[in-house]
Chemist: 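Can you keep this structure in mind? I'll have questions shortly.
Positions are given from 1 along the sequence. All of these numbers come straight from a predicted model, not from anything done at the bench.
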Amino acid sequence: LRGGRGARPQPAVPVPVPQVGTNLTDLRLPRKVTVRELGGCMGPIWPSYYGECSALLFVVDASNPSQVSSSCIQLLSVLSAAPLASVPVLVLFNKIDLPCYMSLVEMKSLFRMQDIVSCATQPITMLETSARDGTGLAEVLQWLQSALKEP
């Protein structure tokens, strides 16, 4: 915590704000790949982007247990969309750098990932990540390269 004498203590690390809107990022893997980021609150418009989707990264805040049920419902909705029936999916349990994060075992249990994977038509991979400190990001890039290989 930061704060001088008489000042109200402030968090040393900024509190993350949920993503609102859409962001585009280009990656070279070695070919150019455009990543479209859509925040959770944008869920109602996600289906308008399914047709141009070649791979799906579904990011879950592993430090926020109160959002687990809504994240799971959103994931099930995405997996049941016909245009994504064969699109490879990477579920990222993010924010593992925070002291209150839930482990991969806990998240798999809460999401009932074994049941989801057994019923899904898509190949599903799961990873723990920290966007802040970079943990797991090399594995995400490897997964993207593999998932987007030319047939």
Chemist: Within the distance-only criterion (no hydrogens, no angle test), does the side chain of D97 pair as donor or acceptor with the backbone N or O of R132 below 3.5 angstrom?
Modeler: no

Chemist: Can you list everything that forms a side chain to side chain donor-acceptor pair (under 3.5 Å) with W143? Sequence neighbours excluded, please.
Modeler: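 Scan of W143 (side chain to side chain donor-acceptor pair (under 3.5 Å), adjacent residues dropped) gives T125.
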
Chemist: Give a yes or no on whether the ring-centroid distance for F58 and F93 is below 6.0 angstrom.
Modeler: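 Ring centroids of F58 and F93 are no less than 6.0 Å from each other.
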
Chemist: Could you tell me whether the side chain of I116 reaches within less than 4.5 Å of the side chain of V91, counting heavy atoms only?
Modeler: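 With C-beta onward as the side chain, the pair stays apart.
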
Chemist: Determine which pairs satisfy salt bridge (Lys or Arg N to Asp or Glu O under 4.0 Å) with at least one residue from residues 39-58, sequence neighbours left out, and list them in order.
Modeler: R36-E52

Chemist: I'd like to know if the side chain of S109 pairs up with that of E106 as donor and acceptor (distance under 3.5 Å, no hydrogens or angles considered).
Modeler: no

Chemist: Looking only at non-hydrogen atoms, find the nearest pair between S48 and I45 and report the distance.
Modeler: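 Shortest heavy-atom contact: OG-O, 2.6 Å.
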
Chemist: Rounded to the nearest 0.5 Å, what separates atom CG in D61 from atom CG in L98?
Modeler: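 Result: 7.5 Å between the selected atoms.
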
Chemist: Compare every heavy atom of A55 with every heavy atom of L148, then report the nearest pair and how far apart it is.
Modeler: CD2-CB, 3.8 Å

Chemist: List the atom pairs, donor and acceptor, that lie under 3.5 Å between side-chain atoms in residues 74-84 and the rest of the protein, sequence neighbours left out.
Modeler:
unit_1	atom_1	unit_2	atom_2	d
Q74	NE2	G40	O	3.0
S80	OG	L76	O	3.2
S80	OG	S77	O	2.9

Chemist: Quick one: hydrophobic cluster around I96, which other residues, with the 4.5 Å side-chain cut-off, linked directly or via members?
Modeler: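 In the cluster with I96 are Y101.
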
Chemist: For Q142, does its backbone N or O pair with a side-chain atom of S146 as donor and acceptor, under 3.5 Å?
Modeler: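 Between the backbone of Q142 and the side chain of S146 there is no qualifying donor-acceptor contact (under 3.5 Å).
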
Chemist: Report the residues that fulfil salt bridge (Lys or Arg N to Asp or Glu O under 4.0 Å) with D133, sequence neighbours left out, ordered by chain and then residue number.
Modeler: none

Chemist: Which residues end up grouped with V105 if you chain together Ile, Leu, Val, Met, Phe, Trp and Tyr wherever their side-chain heavy atoms are less than 4.5 Å apart?
Modeler: none

Chemist: Compare all side-chain heavy atoms of M126 with those of K108 and state whether any distance is below 4.5 angstrom.
Modeler: yes

Chemist: Do you know which two heavy atoms are closest between S118 and D115, and how far apart they sit?
Modeler: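 Closest approach of S118 to D115: OG-O, 2.9 Å.
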
Chemist: Minimum heavy-atom separation for R28 to K32, with atom names?
Modeler: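 Scanning both residues completely, I find the closest heavy atoms to be NH1-CB, 3.2 Å.
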
Chemist: Do you know the tightest heavy-atom contact between M102 and E128?
Modeler: O-OE2, 4.4 Å

